[in-house]
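Just so it is clear: chains get the letters A, B, ... in the order the sequence lines come, proteins before strands, and each one is counted from 1.
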Protein chains: 2
Amino acid sequence: MATPQLTKNQSLVMGALAHSEGPMSAYTILDKLRDQGFRAPLQVYRALDKLLEYGLVHRLESLNAFVACTCPHDHEHDRGVTAFTICEGCGQVTEFHDEAIEERLSALVRAQNFKTEKTTIEIRGHCGSCAA
Amino acid sequence: MATPQLTKNQSLVMGALAHSEGPMSAYTILDKLRDQGFRAPLQVYRALDKLLEYGLVHRLESLNAFVACTCPHDHEHDRGVTAFTICEGCGQVTEFHDEAIEERLSALVRAQNFKTEKTTIEIRGHCGSCAA
DNA sequence: TCAATTGCGTTATGCTATAACGTGTGCGAT
DNA sequence: ATCGCACACGTTATAGCATAACGCAATTGA
Ligand SMILES: [Zn+2]
Ligand SMILES: [Zn+2]
Ligand SMILES: [Zn+2]
Ligand SMILES: [Zn+2]
């Protein structure tokens, strides 16, 4: 998916996520953007849908929240699997990718005769700084 | 976590999940159990909390839904990682486990100096019967 | 007996996400 | 030009998921 020019709302949501320390829920984003004229959840969700489609943003299923993609390349991990560590202490999210896991998962799933459309890998725990 | 005797509510929720074809949301479970006297979401959520703790039930984060554990052993996958394929067509959920993925993930996470508490792996797609 | 724990029931509330409707704008085809 | 279409947008209402806070009852163990 090539990334077209973002619309005003998409840019505002992207900016909010990019400048955030950690993940944000759609409603948290909404609150951050009220001063820029946002009034309703759909304004956020519609922008997020596009940003997810362009690969600029990831959804964290276990948090019902969103983060900006930190992948160094051109968000071309369409084919690849994206994984996250999520610290319960400080909220820090780290995105990472690994071909070995991709290939192993792919083989296991193929053995089930299953066709993958989207893979979610999220690891909850504590980062080095927050470990008790 | 040893599995104590289930209470009445826990048994009812467990039964509903065990006899279901696929995953169920807490509110769907509630509706199924109204005839057995269930009246409020908390009755379901409290039972689910315990069943999750005992390892008899898994939560599917990408669906906000729950499934009975199909693991053949005594639900002793406390140490292990549980993964799921989830068919968007028929709703079928297949639970599986793989040591190679566990070890690879474990190594990657350790390299981040991160302490894992819970790992979520969910693969959305289409099963063999439902593949377009 | 007394305190602590656990499960239960109820009401109310909060958070997450989408349905349904209408408006406006740009742009190619007729 | 103007028609038709696609797309973004704004608004209101509603649906779906989850928990807070209160009180009561049964169990257990000191
Ligand atoms: Zn990314
Ligand atoms: Zn941390
Ligand atoms: Zn299991
Ligand atoms: Zn299927």
Side-chain angles (χ1 to χ4, degrees), chain A residues 1-17 20 22-54 56-67 86 88 91 118 120 122 124, chain B residues 1-17 20 22-54 56-67 86 88 91 118 120 122 124:
Chain A
M1 177 64 56
T3 304
Q5 190 63 24
L6 298 185
T7 69
K8 179 156 178 286
N9 283 4
Q10 288 159 21
S11 295
L12 286 167
V13 170
M14 189 67 223
L17 280 173
S20 165
M24 299 174 88
S25 77
Y27 279 75
T28 303
I29 295 170
L30 173 58
D31 286 339
K32 296 259 187 214
L33 295 180
R34 286 203 188 275
D35 292 346
Q36 277 72 45
F38 275 51
R39 310 280 304 163
L42 261 195
Q43 296 176 278
V44 177
Y45 282 109
R46 290 204 273 228
L48 284 172
D49 283 347
K50 287 300 182 183
L51 295 173
L52 289 167
E53 183 183 328
Y54 304 151
L56 298 174
V57 162
H58 297 289
R59 175 183 169 81
L60 298 174
E61 301 288 352
S62 67
L63 293 180
N64 292 327
F66 304 85
V67 284
I86 303 171
E88 313 267 5
K118 179 164 197 310
T120 297
E122 297 177 16
R124 306 283 291 269
Chain B
M1 176 67 55
T3 303
Q5 191 63 24
L6 298 186
T7 67
K8 180 156 177 287
N9 283 4
Q10 288 159 20
S11 295
L12 286 167
V13 169
M14 190 67 223
L17 279 172
S20 164
M24 300 173 86
S25 77
Y27 279 74
T28 303
I29 295 170
L30 174 58
D31 286 340
K32 296 260 187 214
L33 295 179
R34 287 203 188 274
D35 292 347
Q36 277 71 44
F38 274 52
R39 310 278 305 162
L42 260 195
Q43 296 176 278
V44 177
Y45 281 109
R46 290 203 271 229
L48 284 172
D49 283 347
K50 287 299 182 183
L51 296 172
L52 289 166
E53 183 183 327
Y54 304 151
L56 299 173
V57 162
H58 296 290
R59 175 181 169 82
L60 299 174
E61 300 289 353
S62 68
L63 292 181
N64 294 327
F66 304 84
V67 284
I86 303 171
E88 312 266 4
K118 179 165 196 307
T120 298
E122 297 177 17
R124 307 283 292 269

Below 3.5 Å is the cut-off: list the nitrogen or oxygen pairs between protein and nucleotides 24-27 of chain C, distance only.
none

I'd like a table of atom pairs between the protein and nucleotides 12-16 of chain C - only N or O on both sides, under 3.5 Å - with the distance next to each one.
from, atom 1, to, atom 2, distance (Å)
C:dT16, OP2, A:S25, OG, 3.4

Name the pairs: protein N/O against N/O of nucleotides 9-11 of chain D, kept only if under 3.5 Å.
from, atom 1, to, atom 2, distance (Å)
D:dC9, OP1, A:T7, OG1, 2.8
D:dC9, OP1, A:N9, N, 3.4
D:dG10, OP2, A:N9, ND2, 2.9
D:dG10, OP2, A:Q43, NE2, 2.6
D:dG10, N7, A:R46, NH2, 2.3
D:dG10, O6, A:R46, NH1, 3.2
D:dG10, O6, A:R46, NH2, 3.2

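Applying the side-chain contact (heavy atoms from CB on, under 4.5 Å) rule to A:R59 yields the partners A:L52, A:E61, A:N64, A:F66; only residues at least two apart in sequence or on another chain are considered. Under the salt bridge (charged side-chain N to carboxylate O under 4.0 Å, His left out) criterion, B:E122 pairs with no residue, sequence neighbours left out. Partners of B:K50 according to the salt bridge (charged side-chain N to carboxylate O under 4.0 Å, His left out) rule, which considers only residues two or more places apart in sequence or in another chain, are B:E53.
Atom CG of B:N9 sits about 8.5 Å away from atom CG of B:L33, to the nearest 0.5 Å. Atoms CG and OH, on B:L42 and B:Y45 in that order, are 9.0 Å from each other to the nearest 0.5 Å. The structure places CG of B:L63 at 7.5 Å from CD of B:E88, a figure rounded to the nearest 0.5 Å. In this structure, the separation between CD1 on B:I86 and NZ on A:K118 is 11.0 Å, given to the nearest 0.5 Å. Atom CG of residue A:L30 and atom NZ of residue A:K32 lie 12.0 Å apart, to the nearest 0.5 angstrom.
Salt-bridge check for A:D31 with A:R34: passed, with a basic side-chain N closer than 4.0 Å to an acidic carboxylate O.
If you measure from atom CG of B:L48 to atom P of D:dC17, you get 13 Å, rounded to the nearest angstrom. Atom NZ in B:K50 sits roughly 10 Å away from atom C1' in C:dT5 (whole-Å rounding). Computed from coordinates, the A:D49 CG to C:dA19 C1' distance equals 14 Å when rounded to whole Å. Atom CD in A:E53 sits about 10 Å away from atom P in D:dC7, given to the nearest Å. Between the CG atom of A:L30 and the P atom of C:dT18 there is a distance of 15 Å, given to the nearest Å. Spacing between atom CD of B:Q5 and atom P of C:dG7 amounts to 13 Å, rounded to whole angstrom units.
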Test log, rule side chain to side chain contact (heavy atoms under 4.5 Å, CB included), inputs B:L17 and B:M24: CA-CA 7 Å; B:L17 279 172; B:M24 300 173 86; 4.1 Å; yes
Side chain to side chain contact (heavy atoms under 4.5 Å, CB included) between B:V57 and B:V13, intermediate numbers included: CA-CA 10 Å; B:V57 162; B:V13 169; over 6 Å; no
